[in-house]
Number of protein chains: 2
Amino acid sequence: MNLLKISKALADGTRYKILKILMANGEISCGELEDHFTLSQPTISHHLKILYDCELVSVKKDGQHSLLSVNKKMLEKYFETLKMELVK
Amino acid sequence: MNLLKISKALADGTRYKILKILMANGEISCGELEDHFTLSQPTISHHLKILYDCELVSVKKDGQHSLLSVNKKMLEKYFETLKMELVK
DNA sequence: TTGATATATTGAAATGTGTCTATATTATTA
DNA sequence: TAATAATATAGACACATTTCAATATATCAA
């Protein structure tokens, strides 16, 4: 786990919203996700790549669709590490 | 509390290190903090301002010194809000 | 009051980030 | 196979961020 990379990924309003949408909707495709934004498709794709690269979001290929979901394990691990490093 | 502002403040290696140093050392001055870095004094001052603006760091003026400390309440509030918004 | 010390501010350079349009790639379906 | 649909990549632009040197401000001490 790259702590700083995850922190940077979380430090953007669009990506934070993506995570909230994915948490609320479970597995959805990129297209469905895009419907929640006025941003262009490449922009959403770019943000998804950042979330994927730090392993906060998982992608399951299903034909021409990509099913997205939050890697809750990684999110939990991030919270715990942050708390441990900073607070304890 | 401005969640995104705090996330951005945490998403920098130098500022993260500042918080860790402050957590480990309690109240120290800017000068003592700078001793932990090879960065210039204005650079550290700049990062401190960002941490102060989002209320993660408190400053107590003591003559010509500024005594720094982490606002643990804010840090805890941040963790809880993040967890509540994302996980629950 | 003057010189020294601690911190903040300014302005500039380099680098990073978010966004778009255009286009490529991959998979489906007619 | 050809057209369509879903997603990814490339390149460009504007803006933000990190850093520094120079300087300003504030406080202490002689």
Side-chain angles (χ1 to χ4, degrees), chain A residues 2-22 25-71 78, chain B residues 2-22 25-71 78 82 86:
Chain A
N2 187 327
L3 197 74
L4 193 55
K5 206 169 178 183
I6 295 181
S7 291
K8 284 175 191 286
L10 288 172
D12 173 87
T14 299
R15 290 193 291 269
Y16 190 73
K17 187 176 166 188
I18 288 175
L19 289 176
K20 282 174 78 172
I21 292 169
L22 291 183
N25 294 275
E27 277 192 339
I28 62 174
S29 68
C30 298
E32 288 173 287
L33 178 64
E34 281 156 28
D35 293 344
H36 292 80
F37 298 87
T38 53
L39 295 166
S40 70
Q41 176 267 319
T43 294
I44 300 297
S45 184
H46 164 75
H47 286 304
L48 282 171
K49 177 165 169 42
I50 289 170
L51 290 168
Y52 177 78
D53 285 348
C54 69
E55 296 173 82
L56 275 182
V57 162
S58 302
V59 181
K60 191 191 339 177
K61 287 278 180 187
D62 175 34
Q64 74 209 110
H65 293 257
S66 290
L67 291 181
L68 310 165
S69 58
V70 176
N71 183 350
Y78 172 73
Chain B
N2 188 327
L3 196 75
L4 194 55
K5 205 170 176 181
I6 295 181
S7 291
K8 284 174 192 288
L10 288 173
D12 174 88
T14 298
R15 290 192 291 270
Y16 189 73
K17 187 175 166 187
I18 288 176
L19 289 176
K20 281 174 77 173
I21 291 169
L22 291 182
N25 294 276
E27 277 193 340
I28 61 175
S29 69
C30 298
E32 288 174 286
L33 178 64
E34 281 156 28
D35 293 343
H36 291 81
F37 297 87
T38 52
L39 295 166
S40 70
Q41 176 267 319
T43 295
I44 300 298
S45 184
H46 163 75
H47 286 303
L48 282 172
K49 178 165 168 42
I50 289 170
L51 290 168
Y52 177 78
D53 286 348
C54 70
E55 297 174 80
L56 275 182
V57 161
S58 302
V59 181
K60 192 189 343 177
K61 286 277 179 187
D62 176 35
Q64 76 212 106
H65 293 258
S66 290
L67 291 181
L68 311 165
S69 58
V70 175
N71 182 349
Y78 172 74
L82 208 60
L86 279 185

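Every chain is numbered from 1, with letters handed out A, B, ... down the list of sequences. Quick note: numbers below take in every heavy atom, side chains included, and nothing from hydrogens, waters or symmetry partners.
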Exercise for review: Establish, with yes or no, whether the OP1 or OP2 oxygen of C:dC20 is under 4.0 angstrom from a side-chain nitrogen or oxygen of A:Ser40.
Suggested key: yes
Nearest 0.5 Å please: distance from the [atom1] atom of [X] over to the [atom2] atom of [Y].
| X | Y | atom1 | atom2 | answer |
| --- | --- | --- | --- | --- |
| B:Tyr78 | B:Leu10 | OH | CG | 5.0 Å |
| B:Ser69 | B:Leu56 | OG | CG | 11.5 Å |
| A:Tyr16 | A:Leu51 | OH | CG | 12.5 Å |
| B:Leu33 | B:Leu48 | CG | CG | 5.5 Å |

Which whole-number value in Å describes the distance from [X] [atom1] to [N] [atom2]?
| X | N | atom1 | atom2 | result |
| --- | --- | --- | --- | --- |
| A:Lys60 | D:dA6 | NZ | P | 19 Å |
| A:Leu10 | C:dG18 | CG | P | 12 Å |
| B:Ile18 | C:dT7 | CD1 | P | 13 Å |
| B:Glu32 | C:dT5 | CD | C1' | 14 Å |

**Study point:** Residue B:Ile50, side-chain atoms from C-beta onward, closest of D:dT18, C:dG18, D:dC20
**Key:** D:dT18
Practice item. Output the single nucleotide from C:dT7, D:dT7, D:dC20 whose closest atom is nearest the side chain of B:Ser66. Key: C:dT7
Check your understanding: So, A:Lys17 side chain and A:His36 main chain: donor-acceptor pair closer than 3.5 Å or not?
Key ->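 Here the side-chain-to-backbone pair exists.
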Check your understanding: Does A:Lys60 reach the main-chain N or O of A:Glu27 with its side chain, forming a donor-acceptor pair under 3.5 Å?
Key -> no
Review point. What are the residues of residues 41-49 of chain B, sorted by number, that bring a heavy atom to within less than 4.0 Å of DNA chain D?
Key: B:Pro42, B:Thr43, B:His46, B:His47
Exercise for review: Just do the side-chain contact (heavy atoms from CB on, under 4.5 Å) check on B:Cys54 and B:Asn2 with the steps written out, would you?
Suggested key: CA-CA 7 Å; B:Cys54 70; B:Asn2 188 327; over 6 Å; no
Check your understanding: Base, backbone or nothing for each nucleotide of nucleotides 25-30 of chain D, written B, S, -, heavy atoms under 4.0 angstrom, 5' to 3'?
Key -> --BS--
Revision key, fill the gap. Minimal heavy-atom distance between A:Arg15 and A:Ala9, with the atoms involved, is NE-O, 2.8 Å
